[in-house]
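Reviewing the structure listed below.
Just so you know, these numbers come straight off a predicted model, no measurement behind them.
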Amino acid sequence: MIDYTRWSSLFNNPDWNSRADTILPFIPDGNSVIDIGCGTQYLRSCFPSDKYFGVDIVERPNCIFIDSLDDILFPLDITCGPKTYILLGVLEYLLRPVDLLKHLLLSGDQVIFSYTPIDLVEDLQERQSNGWASHLAWEELIAEIPGDCIQQSFQHNQQRIIVAQSPCALSSMVGQDAEFGAILSAESSKLDAAAPSSHKDDSIEDGSTLLRTSGLTKGRESIVVTGFFGRGNIGDEAMLQVIFEAFHHEYNVVISADLNGARSGFWDWYPYSSCEIIHHGDLKALTDPSVCGFITGGGALPLGFASSQKTIASALSKPTFLAGVDDTIYFLKGDSFDENFASSYLSSYSYFSTRSTRSFERIKPIAHNARLGSDWAWGLKPDERDMEQSDYICLVIREMPKSYIDHVLIDSYQRLLGYLRGLGVRLVLMPFCPEDELFVQSISAFEEVEVFRCWWNPRLALQFISLSSALVSVGRLHPIVFASKSNIPVIAIDYDFAHMDASFEPDPKILDLCTEFMIPYYSSIPSFLSSAHSLEFPFPREDTTHVNHGYDLRYQSQLSDIAEIIRR
């Protein structure tokens with residue numbers, strides 16, 4: 001409920017003015033400014049009279065009056081060329097702030113907004129006493145902003161401020177270089193805002209932003225870590241968090257990611273906000289004398305992943321690590337496969353380890369330096385939110401290419417949901433990445449299933465799985481790791497598309513981990529359903545205490561071996 005009496009007052013908090021001052025450099029010359037929730041219209045004096053339009057829920061002189069901001073799908077009759085929408089101290093009071101942002105991003109050229117996420121003000125009673133109706137985490141809010149719209153991100157007191165470009169305006173940019181430049185500029189600006197002054201010597205000033213050239217901090221050794229990062233995949237983000245926490249107390253952690261493929265706003269996630277970030281094509285960064293190690297992994301990385309940066313590191317006698325991965329060459333077959341090359345390449349790493357015994361056994365004849373390691377995500381710690389253990393089944397569905405979606409797959413989903421609902425237990429779907437979420441949204445069978453969204457927060461995903469009664473994972477590996485670590489019953493189901501493609505073979509990584517942790521493995525949903533009648537709920541769970549203990553020792557050994565090599 002909006003407090004109209006409160007907002008009818010012309011009281012103006014000095015902090016509101018200083019907040020408004022911070023955004024002025026980002027508004028392009030010539031843009032018309034639509035100041036939504038304008039209050040005293042502090043910004044009016046900053047723009048020509050024909051370029052400023054105040055909008056408010058209270059009738060004020062020279063101001064556009066609207067009944068409700070929550071019904072903001074209103075057509076503002078302002079035809080004034082390029083537009084910048086401003087919402088400072090507004091979104092917290094709305095029931096549907098995301099709907100508003102999406103609408104405005106499609107209506108104008110630029111949107112500048114502030115928000116106080118629950119990450120910064122956690123006390124719900126305090127938030128409600130402020131009159132706030134929205135209590136989103138920061139990642140929840142920015143995850144809904146389409147495409148690569150975010151240009152700037154910074155913090156003002158307890159609020160985050162975002163400068164976003166309309167996707168329509170972005171599409172008018174010429175070529176990928178312009179789009180990549182906008183992403184890199186936003187990422188670099190964010191890092192500079194949090195960086196010590198020692199970074200400034202290595203930066204090139206360009207207007208109001210700083211484009212870092214080296215991405216490295218002076219005075220401390222650095223470790224470069226690369227993988228499928230910044231995409232919101234819970235498994236990959238979990239591995240990165242573990243690696244970061246293992247080394248950041250002693251070294252700077254530099255994250256090498258594909259900035260073209262990474263999700264917009266990822267630089268504000270943990271631990272990116274505490275790290276230097278470079279593009280995975282940046283070879284010069286590896287030549288910095290402070291770099292003392294290069295870690296690739298983990299996960300299902302193909303042979304040669306990030307080989308350009310790895311080659312530079314090896315050529316400069318810096319230790320390189322391919323750790324916690326699968327055997328990397330299972331898909332390379334035929335007479336043309338050169339085992340000698342693969343052996344030479346893998347042996348060039350200072351340390352190479354697999355995350356499963358089966359993978360180790362497959363690669364050992366080729367890579368004589370291979371060691372038996374672990375999945376990095378095994379070291380992840382769960383979140384500690386106030387959540388009670390209850391009877392629910394956590395369901396994870398991996399997205400599939402459209403070419404594989406047919407009536408057979410749809411029917412199998414419907415039958416699986418029917419079986420799980422028949423158990424009489426609450427069913428909760430957990431997307432493990434944005435693509436998973438979009439995929440299930442496109443399948444009508446999942447429309448009525450409760451969804452728990454946290455793909456930007458692997459710790460919360462681990463906690464949610466650990467409090468469940470059981471996990472059913474279709475096509476995803478890291479839910480199995482989380483459940484095994486938490487001693488939760490698991491049903492691991494793979495995909496089988498042999499009926500569509502005779503040459504189809506499933507990735508062996510899920511079977512490898514199921515074998516490792518003594519978990520029932522089913523090659524397809526129909527295969528599981530054919531034997532489900534013999535299962536009782538709660539699902540049985542083997543006593544794997546000794547298995548988990550052994551895997552934990554492998555994780556600790558992998559960590560200590562890498563740390564020792566780096567210190568040499």
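Remark: aromatic rings of Phe352 and Phe321 are distant, center separation not under 6.0 Å. The aromatic ring centroids of Tyr272 and Tyr270 lie 6.0 Å or more from each other. Tyr392 and Phe464 have their aromatic ring centers within a separation under 6.0 angstrom. Taking the six-membered ring for Trp and the full ring otherwise, Tyr551 and Phe517 have centroids separated by under 6.0 Å. Aromatic ring centres of Tyr345 and Tyr349 lie closer together than 6.0 Å.
Between atom CG of residue Leu529 and atom CG of residue Leu416 there is a gap of 6.0 Å, rounded to the nearest 0.5 Å. From Leu240, atom CG reaches atom CD of Glu237 across 6.0 Å, with rounding to the nearest 0.5 Å.
A donor atom on one side chain and an acceptor atom on the other are not found under 3.5 Å apart for His478 and Asn233. Side-chain contact check for Lys318 and Ser314: no donor-acceptor pair (N or O, by modelled atom type) lies under 3.5 Å. Side-chain N/O atoms of Ser256 and Gln309 include a donor and acceptor closer than 3.5 Å. No hydrogens or angles considered: a donor-acceptor pair under 3.5 Å links the side chains of Tyr521 and Asp494.
Between Gly297 and Ile243 the shortest heavy-atom distance is O-CD1, 3.6 Å. When all heavy atoms of Val440 and Phe446 are compared, the pair lying nearest together is O-CB, 3.7 Å. In terms of heavy-atom proximity, Lys381 sits nearest to Leu462 at C-CD2, 3.7 Å. In this structure, Glu516 and Thr357 approach most closely via the heavy-atom pair OE1-N, 2.6 Å.
Under the side chain to side chain donor-acceptor pair (under 3.5 Å) criterion, Thr320 pairs with no residue, sequence neighbours left out. Listed by chain and residue number, nothing satisfies the salt bridge (charged side-chain N to carboxylate O under 4.0 Å, His left out) test with Glu139 (two or more places apart in sequence, or in another chain). Asp258 meets the side chain to side chain donor-acceptor pair (under 3.5 Å) test with Arg231; sequence neighbours excluded. For Ser530, the side chain to side chain contact (heavy atoms under 4.5 Å, CB included) test picks out no residue, with sequence neighbours left out.
Test Tyr419, Phe539, Tyr495 against Phe528 for ring pair (Phe, Tyr, Trp, His ring centres under 6.0 Å) and you get one pass: Tyr419. Considering Asp327, Asp326, Asp512 in turn, Asp326 is the only one that fulfils the salt bridge (charged side-chain N to carboxylate O under 4.0 Å, His left out) rule with Arg355.
Listed by first then second residue, pairs satisfying salt bridge (charged side-chain N to carboxylate O under 4.0 Å, His left out) with a partner in residues 341-351 number zero, not counting sequence neighbours. Legend: side-chain hydrogen bond (donor to acceptor under 3.5 Å, both in side chains) pairs involving residues 395-404, not counting sequence neighbours: none detected.
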